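Letters A, B, ... are given to chains in the order of the sequence lines, protein chains preceding strands, and every chain is numbered from 1. The model shown is predicted, which means the values in this text are computed figures rather than measured ones.
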Amino acid sequence: MESQKKFAMSPSILAELGDAVSETQIFRDEVTLLCPKHRLLEVLQALRDTQQFDMFTFATCVDYYPGEPRFGILYQLYSTTRNIRVRVKVMLSGNDRSVPSACSVYHAANWPEREMYDLFGIHFEGHPDLRRIMMPPGYEGHPLLKENPAKVEEVAFSFNRARAWEDKPHPQE
Amino acid sequence: MGLEQKLGNMGIVTMSAEKAINWARSNAIWPMLFGLACCAIEMMSTQASHYDMSRFGMELMRASPRQSDLMIVAGRVSRKMAPTLRHLYDQMPDPKWVIAMGDCASCGGVFNNYAVVQGVDEIVPVDVYVAGCPPRPEALIDGILKLQDRIKKEPLTKWN
């Protein structure tokens, strides 16, 4: 198996991507390429066409609140011919939650991007069908943002049982 | 021996209509074939030959809400599933009953989060809550027997 570390340091990849990749992180032989958001599609296109990263594994989002830049958008790619993986990461500010959609490069990015839109409120420019995928259509807000409470209901113990019971919605029949 | 000898001369048996109808209702509850999560596996084994729910007059799990009397909510109800569950409940003909099977259906269980309804009693009226994660088939059968007792005591004035 080709070493992922060797791949990340190879002259061909450095020449190919050049200054589109702002930083290369290697942690336990896992390669992460950080790039600015306006060059994301360029990087993905180059990895797909010239480095044989033919398989889109997943995309996800991390909320680093209260850190800034707040969001990290991750695209995990795999090369079935070379058996190596690479992660492309874009950092986003909390004030500007939009990023170009990778659907034009990898069709498989369609649903993961919808999921990120649904749960984190990230707007993907140029996405063919950007609507909720997990939560019901009428849902308000984006539940995985860190400002939301982790629990929806107070857990009832003996000391707070009456209050917890009062807060519970009871049906009217 | 003829039929006459076997039956004897019983004449007429009298009882209240309330009692007779409650007896008929309680001993032929047809549950709806509706499982939401892992509790449904226990519900299936309750129905299957080892525990055999048909001993209590429930030989038929109906795949249509229009033919069923009992909804066993087996599993956690997500907020996306909640309108569907209510819709199914509304389609069931009266009289109808609901069993919240397991911790998730009763109170949300371990899923104290944005995606899961915190107890199915928020959307449908529940008659019996069965505790357990998941409840064993014996527990579900106990819940059903509790429901049968309840139906047998239902006064005529409370009938739907």
(Q) Side-chain heavy atoms nearer than 4.5 Å, only ILVMFWY residues, links allowed to pass through others: does that put A:F71 and A:F124 together? (A) yes
Q | Residues A:M135, B:Y114; criterion side-chain contact (heavy atoms from CB on, under 4.5 Å); working and verdict | A | CA-CA 9 Å; A:M135 303 308 292; B:Y114 60 90; 3.7 Å; yes
Q) Under 6.0 Å from the NZ atom of A:K151, do we count more than 12 heavy atoms belonging to anything else shown? A) no
**Q.** Atom NZ of B:K80 with >12 non-hydrogen neighbours under 6.0 angstrom
**A.** yes
Q) Using non-hydrogen atoms and a limit below 4.5 Å, what part of residues 89-104 of chain A faces chain B? A) none
Q.
Would you say that more than 12 heavy atoms from the other residues, nucleotides or ligands in this model lie under 6.0 Å from the NZ of B:K19, or not?
A. no
Q) Considering residues, nucleotides and ligands other than B:R55, do more than 12 of their heavy atoms fall under 6.0 Å from its CZ? A) yes
Q: Verify the cluster assignment for B:L140 and B:L33: are they in a single hydrophobic cluster under the rule of side-chain heavy atoms below 4.5 Å apart?
A: yes
Q: Tell me, yes or no, whether the heavy-atom count around A:H38 atom NE2, taken from other residues, nucleotides or ligands under 6.0 Å, exceeds 12.
A: yes
**Q.** Gap separating the CG atom of A:N148 from the CG atom of B:N113, nearest 0.5 angstrom
**A.** 11.5 Å
